[in-house]
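A short write-up of the structure that comes next.
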Amino acid sequence: MRQTKPAILSRRAAALLVILGVFLGALVIASKRLEVLCLDRVYYRRVKQAKEKLNVYEPADGTQGGDKRLASASVETSDRPNSISQPGCAQFPDTSNNLLVMKTGASEAFSRIPIQVLTNLKCLSDFLIFSDMEQEIAGYKIHDSLDKVLDSAKMGNADFSIYYRQRQCAVDQDNCNKHVDIAQEGWDLDKYKNIHIAEKAFRMRPSYDWYLFVDADTYVVWPTMVHWLNKLDHTEEMYFGSLAMLADFPFAHGGSGYVVSSAAMHGFFEGKDNVANLWDEATIGECCGDVMFAKALKEATGIEVNDTWPTINGEKHFIIPYSEEEWCQPITTMHHVGSEELSDIYAFERERNFAFPMRIRDLYHQFVAPQLEPLRPDWDNTSSDVLYLNTSSAIYDDEQLSKAKTQHLSHLEEMAHESFESCRAACQADKDCLQYRFHQGICGFGMRITHGHPKPREDDALNRWMSGWDIDKIQAWVQKHDICDDKIDWPLVQTTPT
Ligand SMILES: *[C@@H]1O[C@H](CO)[C@@H](O)[C@H](O)[C@H]1NC(C)=O
Ligand SMILES: *[C@@H]1O[C@H](CO)[C@@H](O)[C@H](O)[C@H]1NC(C)=O
Ligand SMILES: CC(=O)N[C@H]1CO[C@H](CO)[C@@H](O)[C@@H]1O
């Protein structure tokens with residue numbers, strides 16, 4: 001027994017040890033698992049935080065929302081939100097061949113960019129925002145467009161004082177700029193940006209078909225824009241927008257937005273370094289960035305602007321003069337669009353399920369027609385197609401005189417400049433006059449429909465801005481013109497004769 005007892009004990013002990021060992025082993029494995037799990041959590045959270053910091057949003061459905069182009073370009077993805085799963089973007093067109101490049105300035109960025117990213121930008125597959133200072137707005141990266149400008153152009157140049165001053169701002173820009181003429185300073189600096197923005201955009205995103213350059217108060221009608229661009233050949237060297245002239249030099253107006261094809265971008269920038277610097281010093285004596293872009297592009301490549309107005313448009317829904325030639329035309333951009341207006345146009349696009357084309361007349365029906373009133377005091381309806389004024393007075397400027405009708409006046413026309421009431425009577429008697437405006441003894445007739453905008457109230461009757469609309473004639477005009485051809489008149493698209 002004494003011999004066997006220890007043996008039994010040791011057998012029991014061994015069994016216990018085995019059980020203990022299995023238990024401990026299981027515990028160790030379990031705890032390792034737990035540890036991994038814990039690490040996973042931490043890791044997952046860290047990655048998530050890092051991504052959020054970088055503003056890389058994961059699509060909720062787990063699909064990759066990106067496009068092929070980013071993979072090939074060595075770029076940071078931090079300025080690009082994901083579009084696919086954003087609420088309200090389901091019907092939005094595929095913009096993956098196009099890059100939106102938006103220009104702003106630090107003094108206005110916070111008043112302009114938020115509504116852009118809340119509306120169209122959230123649905124785009126990619127975009128870049130450039131300013132005159134590097135910033136982040138609610139997680140969106142804003143790039144400095146001017147960091148590469150030559151010192152020789154910056155030094156001793158008063159245009160750049162805001163560029164350096166706004167970086168020293170110890171609070172927010174609005175407060176730092178309270179007591180200066182920030183609009184003027186922002187404008188003076190703005191002209192140095194355009195060529196640098198184009199070069200930077202190309203270096204960061206070299207593989208897009210089309211580059212659309214806009215201001216931060218430009219509304220882009222994307223479904224119509226994309227549909228139109230898909231009809232054009234990006235392998236042709238193209239630069240187009242709303243034609244403007246400086247002296248005799250033609251350029252595409254920047255605020256309306258201008259489009260540059262991949263072929264033109266490659267011709268301008270590929271295989272060359274510091275291209276924009278070639279025009280830094282020349283810009284000092286010039287007025288504007290859009291003009292400089294046109295000059296530089298032409299000098300470097302020979303490419304000239306093509307006019308695509310009114311499809312690329314410098315006006316907005318309330319200021320566009322609605323007339324026969326443009327009524328059925330597609331529209332892809334509008335300018336000077338305030339945040340509330342931008343939100344309203346976007347809401348209209350959503351309501352239409354981002355349908356194309358948006359025609360100019362669609363804007364009339366949505367925004368202008370519901371606001372028609374016979375008259376609005378303290379309002380400028382911009383009616384100035386024909387002016388009636390006191391022909392024996394010498395107080396008018398050349399532009400007013402060039403628009404004045406002074407010959408073969410009817411009795412009503414002769415009296416039109418005397419008061420708002422006589423102006424209205426003269427308009428009502430004229431079959432082409434759709435609306436009228438009276439201000440400072442000038443009666444203006446409008447042969448096109450325009451809503452216009454408020455003016456401050458003036459006390460004396462002569463200086464007051466008074467606007468009127470001949471609603472019956474307007475409705476008859478609209479009815480007559482409202483049938484648009486199914487075939488759309490796309491600018492630059494060769495229509496094959498049938
Ligand atoms: C574009 O502009 C160029 C230069 O002015 C001109 O030669 C060409 O015909 C235009 N193209 C179209 C399609 O209008
Ligand atoms: C037109 O201008 C002349 C010269 O200033 C002035 O004598 C006349 O009273 C004006 N007529 C009206 C109707 O304002
Ligand atoms: C907004 C707008 O176009 N206003 C115009 C109204 O008419 C006057 C006089 O013709 C113009 O100077 C304004 O620009």
Side-chain angles (χ1 to χ4, degrees), residues 209-213 225 227-253 256-265 267-268 290-291 293-313 325-326 329-330 332 387-398 400-401 403-407 409-427 436-445 458 460-466 487-497:
D209 293 350
W210 298 104
Y211 294 78
L212 169 57
F213 297 92
M225 176 65 86
H227 190 81
W228 176 38
L229 294 180
N230 285 344
K231 292 176 172 294
L232 299 172
D233 183 358
H234 67 88
T235 65
E236 274 180 39
E237 293 185 324
M238 289 179 103
Y239 155 54
F240 53 86
S242 175
L243 185 74
M245 290 285 191
L246 184 74
D248 281 336
F249 185 75
F251 64 101
H253 172 237
S256 308
Y258 50 87
V259 178
V260 185
S261 69
S262 66
M265 290 292 277
F268 199 176
D290 46 8
V291 174
F293 180 84
K295 280 200 172 166
L297 183 66
K298 188 176 171 191
E299 285 170 23
T301 66
I303 301 169
E304 289 181 24
V305 64
N306 282 105
D307 187 16
T308 58
W309 182 91
T311 295
I312 287 186
N313 208 301
E325 302 84 70
E326 294 112 51
Q329 302 278 324
T332 60
L387 302 181
Y388 296 93
L389 36 77
N390 181 352
T391 45
S392 36
S393 165
I395 58 165
Y396 309 109
D397 64 34
D398 288 347
Q400 289 167 332
L401 289 171
K403 287 180 171 179
K405 184 174 174 189
T406 54
Q407 309 270 310
L409 300 182
S410 70
H411 180 59
L412 283 172
E413 286 176 319
E414 256 168 29
M415 313 219 305
H417 70 273
E418 286 176 9
S419 68
F420 178 64
E421 286 70 28
S422 11
C423 182
R424 172 171 54 203
C427 177
Y436 47 98
R437 177 187 68 194
F438 187 76
H439 176 65
Q440 283 183 335
I442 302 179
C443 170
F445 279 13
E458 304 284 348
D460 65 303
L462 196 69
N463 283 324
R464 217 167 158 192
W465 294 86
M466 298 290 290
K487 221 171 97 232
I488 298 152
D489 192 3
W490 298 104
L492 303 177
V493 175
Q494 257 69 23
T495 44
T496 40

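Start at 1 and go down the list; that is how both ligands and their atoms are numbered. Only a predicted model underlies this, so the values are computations on that prediction, with no experimental measurement involved.
- There is a protein heavy atom less than 4.0 angstrom from atom 11 (N) of ligand 2.
- Ring pair Phe240/Trp309: centre-to-centre distance not below 6.0 Å.
- For the pair Lys298 and Glu304, the salt-bridge criterion is met [side-chain N within less than 4.0 Å of a carboxylate O].
- Atoms of ligand 2 found under 4.0 Å from any heavy atom of Ser392 (numbered from 1 in listed order, with element): 1 (C), 2 (O), 3 (C), 4 (C).
- Side-chain contact between His227 and Trp490 is present, with heavy atoms from C-beta onward closer than 4.5 Å.
- Listed by number with element, the atoms of ligand 1 under 4.0 Å from a non-hydrogen atom of Leu492 are 12 (C), 13 (C), 14 (O).
- Ring pair Phe268/Phe293 is perpendicular by interplanar angle, where above 60° counts as perpendicular and below 30° as parallel.
- Ring pair Phe445/Tyr388: centre-to-centre distance below 6.0 Å.
- For atom 8 (C) of ligand 1, the nearest non-hydrogen atom from the set Asp307, Asn306, Leu232, Thr308 belongs to Asn306.
- The protein atom (non-hydrogen) at minimum distance from atom 13 (C) of ligand 2 is His417 NE2, 3.7 Å.
- The single protein non-hydrogen atom nearest to atom 5 (O) of ligand 1 is Glu304 OE1, 3.8 Å, given as residue, atom name and distance.
- Relative orientation of the Trp465 and His439 rings is parallel, given thresholds of 30° and 60° on the angle between their planes.
- At under 3.5 Å, a nitrogen or oxygen of Asn390, whether backbone or side chain, sits near a nitrogen or oxygen of ligand 2.
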